[in-house]
2 protein chains.
Amino acid sequence: MPSLPSGLLGDLDPTSDRAVFRQIADQLREAIDRGRFKEGEKLPSEAELVDHYGVSRMTVRNSFSVLQGEGLVHAEHGKGVFVRPRPPVRRLASDRFARRHREQGKAAFIVEANAAGSHPQVDSLEVKEEKASQDVSARLGSVRRVLARRRRYLLDGRPVEFATSYLPLDIARGTPIAEPNPGPGGIYARLEELGHRLDHFEEEIRARMPSPAEVKTLRLASGVPVIHLIRTAFDAAGRAVEVCDTVMAADAYVLSYQLPAT
Amino acid sequence: MPSLPSGLLGDLDPTSDRAVFRQIADQLREAIDRGRFKEGEKLPSEAELVDHYGVSRMTVRNSFSVLQGEGLVHAEHGKGVFVRPRPPVRRLASDRFARRHREQGKAAFIVEANAAGSHPQVDSLEVKEEKASQDVSARLGSVRRVLARRRRYLLDGRPVEFATSYLPLDIARGTPIAEPNPGPGGIYARLEELGHRLDHFEEEIRARMPSPAEVKTLRLASGVPVIHLIRTAFDAAGRAVEVCDTVMAADAYVLSYQLPAT
DNA sequence: CTTGCCCACTCGTCTATACGAGTATGCCTG
DNA sequence: CAGGCATACTCGTATAGACGAGTGGGCAAG
């Protein structure tokens, strides 16, 4: 058992009323913050910390679980505990649905990913008619059934976003919108062709911890929240023509809005 | 020891390869989702679950820690583990800095809170000159020192938001902006009086788990992320005149933006 | 009746141990 | 040299026990 380089981590303060596992977590956190452990680097193993601090293994694990909850580290079975690398974030500008972008005919996700030099991917595409949830129904103006378009977005193989678009059947049924691939410019281009000139969008943003299903779909590490965005698109007649429910891995995104100061 | 009402929770599946503590967490989570345990209600105690499932106490605690990480429950020392109540959320509309609101002369936070029937409060006010961080300096256009205005917002005694505004000294020094109370309409009204007619705002939004300091300041329960919002205000000359760095308890907020579809 | 104490119940912290399962490495065998 | 196996290391899961500390109810003393 190689012992820990001395000086890397301090000692415990037995007189402190701060719990031992918190003291250990504090020291590890500080070492990470100071850059003593860099992104992706392996922390000392549980056994090494047990030796260093003279505590039991569960106490060390307790410390690790604190740091995991903060999203600072992640454990890999059989390998060790590592400082969680911060993946490059995708910036979503508020003009990403501007007509001028749509007219170029490419999906925003693909264009932006290519510009950033990463490999975009869309999978688990599902398009079907279904019963509208109470919330979706309220947003679309009391529709009973909707067309749902589900898809998952990946960057360089990593799932980063899961989105579902809901559209009223009287708008979408029998149109290219109901096809798996709606064609150039996406469903917003099709909506405009169908006479629903888009007027404005409303976006609602929440942040919360993911459900187990979301952890699975987005392969989220522990301590990573999700951003939950609900966008409603309104046409020039003031009708809500689409609701898009998006769940994003919070460590992969920065949302950016530009607001007039009128 | 009163035994658990049968039927409330199921049994373990010994053949499953799902860890026991996950199975228990699953059952509790499902019971909460189905409304068998309501908001604020007490879950069975650790001892009761130990009896019911025939497992050790640490296994039960492990289950609870899963649910805590998901933000579903919170433990109170000496009392029990409770379904975390969802506090009423504050909705922030994208026009909350519109000039017409400012002209009414009241702070947005106070007005909105009163409208919602809750008791607003602002504390730990601090106004001082300091060195600009690298990030703030870059956003304000390479200023070295700034005026920082720090304050914490509370609703009905609960801290929900912690914000710092940074302004270039050549704009703010010696003006009412450098006073603890900048007067009616807040610092944006003062900026306009000083000839900096506001043109637009840029807002950047991130979500992440809180640092220990943020947990303390916002009295956050475990499993509650924060929304980190950085707003930059630009005047008509295109100059960045203020950067506002805000950390919000994610369970207290829904951000709402309205975007034109131009 | 009020005060104060005790006790039962709650979760918090910590130890010690055991076995399982994933990973990496090096050696041994073919 | 290549493949496969043994082994040592990693974290994951689970048990059993101990003591501490916060909470609240009931009982007893004043």
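Letters A, B, ... are given to chains in the order of the sequence lines, protein chains preceding strands, and every chain is numbered from 1.
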Participant: Measure the distance from CD on B:Glu76 to C1' on C:dT10 and round it to the nearest whole Å.
Facilitator: 11 Å
Participant: Quick one: does A:Arg96's side chain have a donor or acceptor within less than 3.5 Å of a partner on A:Ala93's backbone?
Facilitator: yes
Participant: Got a donor-acceptor contact below 3.5 angstrom from the B:Glu76 side chain to the B:Phe82 backbone?
Facilitator: no
Participant: Looking at B:Glu214 and B:Ser211, would you say the former's side chain and the latter's main chain have a donor-acceptor pair under 3.5 Å?
Facilitator: yes
Participant: Could you report the tightest heavy-atom contact between B:Lys42 and B:Gly80, atom names first, then the distance?
Facilitator: CE-CA, 4.0 Å
Participant: To the nearest Å, how far apart are A:Glu46 CD and C:dC19 P?
Facilitator: 18 Å
Participant: Rounded to the Å, how far apart are A:Asp51 CG and C:dA16 P?
Facilitator: 13 Å
Participant: Does the pair A:Asp251/A:Arg158 count as a salt bridge with the N-to-O cut at 4.0 Å?
Facilitator: yes
Participant: For residues B:Glu161 and B:Tyr253, is any side-chain donor paired with an opposing acceptor at under 3.5 Å?
Facilitator: yes
Participant: Please confirm whether the shortest side-chain N or O distance from B:Ser45 to OP1 or OP2 of C:dC9 is below 4.0 Å.
Facilitator: no
Participant: With the threshold set at under 4.0 Å for non-hydrogen atoms, list the residues of residues 17-30 of chain A touching DNA chain D in residue-number order.
Facilitator: none
Participant: Report the distance from atom OH of A:Tyr53 to atom P of C:dT13, rounded to the nearest whole Å.
Facilitator: 17 Å
Participant: Donor-acceptor check, side chain of A:Glu203 to backbone of A:Leu229, threshold 3.5 angstrom: yes or no?
Facilitator: no
Participant: Produce the list of close N/O pairs, under 3.5 Å, pairing protein atoms with atoms of nucleotides 20-23 of chain D; give distances to one decimal.
Facilitator:
| from | atom 1 | to | atom 2 | distance (Å) |
| --- | --- | --- | --- | --- |
| D:dG20 | N2 | B:His77 | NE2 | 3.3 |
| D:dA21 | N3 | B:His77 | NE2 | 3.1 |
| D:dG22 | N2 | B:Gly78 | O | 3.1 |

Participant: Are any side-chain N or O atoms of B:Asn114 and backbone N or O atoms of B:Ile110, one a donor and one an acceptor, separated by less than 3.5 Å?
Facilitator: yes
Participant: Tell me yes or no: between the side chains of B:Arg151 and B:Ser165, is some donor less than 3.5 Å from an acceptor?
Facilitator: yes
Participant: Between A:Arg84 (side chain) and A:Gly71 (backbone), is there a donor-acceptor pair under 3.5 Å?
Facilitator: yes
Participant: Give the rounded distance in Å between these two atoms: NE2 of B:His74 and C1' of C:dG12.
Facilitator: 16 Å
Participant: Please list residues of residues 58-68 of chain B whose heavy atoms come under 4.0 Å from any atom in DNA chain D, ordered by number; otherwise none.
Facilitator: B:Met58, B:Thr59
Participant: Could you tell me how far apart B:Glu48 (CD) and C:dA8 (C1') are, to the nearest whole angstrom?
Facilitator: 13 Å
Participant: Using the side-chain contact (heavy atoms from CB on, under 4.5 Å) rule, take B:Leu49 and B:Leu9 through it: C-alpha gap first, then chi angles, then the decisive distance, then the call.
Facilitator: CA-CA 10 Å; B:Leu49 291 172; B:Leu9 295 171; 3.7 Å; yes
